[in-house]
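Report on the following structure.
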Amino acid sequence: MNLFVTGLSHKTAPIAIRERLAFSGDDLEVALGRVRRLPGIHEAVMLCTCNRTEVYALASNPQAGAEEVADWMDQRTAGDLTPHLYRHTGEDALVHLFSVSASLDSMVVGEPQILGQVKEAFATARRHKATGRRIERIFSRAFQVAKRVRNETGVGENAVSMSFVAVELAKKVFGQLDGKAVLLVGAGEMSELAAENLAGAGVDRVVVANRSQARARELAQKFGGEARGLSSLGQLLGEVDIVLSSTAAPSFLITPELLTPAVKARRHRPLLLIDLAVPRDIDPAVNELSNVYSYDVDDMQRVVEENLQTRSQEATRGLRLVHREVTTFLDEDKARAVRPVLTALRHVARQTADAEVEKTLHKLAAAGLTEAQQASVAAMGQAIIKKLLHEPTVLLRSMPTGEEGERLAAAVTTLFGLDVEAINEAVAEAKQKRRDERGPAEVGKVVPLKSGK
Amino acid sequence: MAVVLLKTSTVLYVVAAFGYLGHLLVPDLKTERIGFWGLAAALVVHFVTIVHHSVTLGMTPVTNFQEGLSFFAFTLSVIYMGMQLRTRRPVVGAFVTPLVVVAIISSLLVPAEGGAIPESLRSVWLPIHISMAFLGDAALAVAAAVALLYLILESRMKRKQFGGVFGRLPSLESLDSLNYNLVRFGFVLLSMAIVTGTLWAGQLWESYFEWEPRQTSALVAWFMYAGLIVSRWIAGWRGRRAAVITLVGFLIMVGSFVGLKLLDLGRHTGTYT
């Protein structure tokens, strides 16, 4: 595996360094072109997000390739990046790519954007013809593994921002949020964000109650909701299902006294109160009322922290999965190394036999062999190579994975002096030619089996 | 043969219970399918057992405490299965299947006292009355399991403890409406069991109602559940209070089911449970 990665991320470099290597748009394309032309580098993908800049590439000598890219990055920033850059080659590079794609290396583990960003980076590289079959195979596997990690571990579960925790709590109380109403008390940014998420999760009705009517109307308009004054708070509490409060009021706005009649008016339907304000808007005593659930900033923060902890535990499981997948991938890769060697070996042997048979028949032309005798000579030639190659063929086929297979393939290549790549290309070309000769009309037609000779 | 079948279904019930409990406690194992199919298999085997038993006995096989428990385990599973197919809430299974296992294992342990069955009970009323009563009780038992789940989730939400099983529990609203639906369903069956029982008693004992303990306790339970449904309907009582009442109602039912049997009271005893 001659993949390598050179780069830096939020784990190794502060923002002041990262921003100097942050490419986007045309810059990125130019940079990708530069990297692609560095000596010894074949295929390359450049990943740039606000938390990382990385070059993934294939090189005949990955260590040297990684250094080339590191030097280029140094020049780019006209500074010494050495303490911030990491270089991984071979298996480690694969583990790194798979982990990054699966969001195991993200600042917020499990955040879903990174996979899209890796896909985007790969698509950009492909558009600029910086990729080839081999790196394409590596990346498409990285996407599969990322999906598996997401599905089979809990890295992406549990909200890790306050506004999503609000949605999660609402779902825990109400199940479906369709048809539910949310009341924003005060027009703070946090509650606006949470309301946006709630609306995204199905809440249809948004009511804004604010001291300043103008701001209330502005915000209400954004959600297609209605604006009310703070004086109608008591009545509104009887109507809505979720309350997000974030005013600058110095004392409690929502108290048990205000809420008790509302609970009756709402016929004990559950009410979720979320207090995002400091100082608090909602008296914690309301939590004692039946079917009323009240949470303040600290409660929400605790959920966020617990969820982050769960995610990091899940990330350990995700990493184990990544390591298993890397092993599988490498084994398959080695199997792929064996197959062309086998093809080349058999091709060379058959050609040699054919040539020798021809030569012999030519020499015997004077002897006037019958057609049957000629056929026998030809058959003998083929039979000898068949017998001779039987053992090695079986051995190579039965050992498709692991170091052993790779070593064996290398030995065969050396022993028989095979130019594996060239021969395989020639074989593929010949196949293509035969296919072309058969003509387009016949493609896809069922070829009838020959019935005896 | 009958014993082998019953033991087979017991083993399957135990498998199902482990499947459902595994689903609740160890999220990654995805054992709820084991629970579901285990329970389905148990139901089939148990059904065959009951049919086989009815044929040999010539009547509905609830002639003693042992058979009563076995029949209850069966109806409980039927109700839960119906609910699972409709609402897909395998978490509830973790609360119902252990109850099923307790019932079926007790039925294996309780000695089968083969008392003489009065000819008078060999009536077409028996299977009708019995099925209504048992299915009603089973629905109310599942409702109680749902109510228990509700109370657990509710107290966690009030005390703001979000770890562990919290993430796998369904929402409060869905549990509340599930509870309500089961109670209504159970209530209808209970009413029909009381009506059929009363009519039959009128035929058998020449008196419709005579403060016989089983009749009385059924009536008490009926009034409780009626009160629960009406108060929800009129005053909107729901959530925690509804869950508590459901649970208390179920405990009263279990109390009368077991207590009356142990004290050997009333005319229902000695014949069936």
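Throughout, protein chains are lettered first and strands after them, A, B, ... in sequence-line order, and every chain is numbered starting at 1.
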> Out of A:Thr310, A:Val292, A:Asn307, which one racks up the most heavy-atom pairs below 4.5 Å with chain B?
Replying inline: A:Val292

> Does a side-chain heavy-atom distance below 4.5 Å link A:Tyr293 with B:Leu172?
Replying inline: yes

> Is any side-chain heavy atom of B:Glu173 closer than 4.5 Å to a side-chain heavy atom of A:Gln176?
Replying inline: no

> Donor-acceptor pair, A:Arg267 side chain versus B:Arg238 backbone, under 3.5 Å?
Replying inline: no

Over 12 non-hydrogen atoms of neighbours within 6.0 angstrom of [atom1] in [X]:
X: A:Gln144; atom1: CD; result: yes
X: A:Phe252; atom1: CZ; result: yes
X: A:Phe143; atom1: CZ; result: yes
X: B:Lys158; atom1: NZ; result: yes

Measure [X] against the heavy atoms of chain B and call it side chain, backbone, both or neither at under 4.5 Å.
X: A:Glu157; answer: neither
X: A:Arg302; answer: side chain
X: A:Leu289; answer: backbone
X: A:Lys172; answer: both

> Would B:Lys160 and A:Val303 satisfy side-chain contact (heavy atoms from CB on, under 4.5 Å), going step by step from the backbone distance to the final call?
Replying inline: CA-CA 9 Å; B:Lys160 296 154 193 187; A:Val303 177; over 6 Å; no

> What distance separates A:Glu306 CD from B:Gln161 CD, expressed to the nearest 0.5 Å?
Replying inline: 9.0 Å

> Where do B:Gly239 and A:Asn291 come nearest, in terms of heavy atoms and distance?
Replying inline: CA-OD1, 3.8 Å

> Looking only at heavy atoms, which two atoms of B:Met157 and A:Tyr295 are closest? And how far apart?
Replying inline: O-OH, 2.8 Å

>> Less than 4.5 Å to any heavy atom of chain A: does that hold for the side chain of B:Leu153, its backbone, both, or neither?
In response: side chain

>> Is B:Arg232 close to chain A through its backbone or its side chain, or both, or neither, when contacts mean heavy atoms under 4.5 Å?
In response: backbone

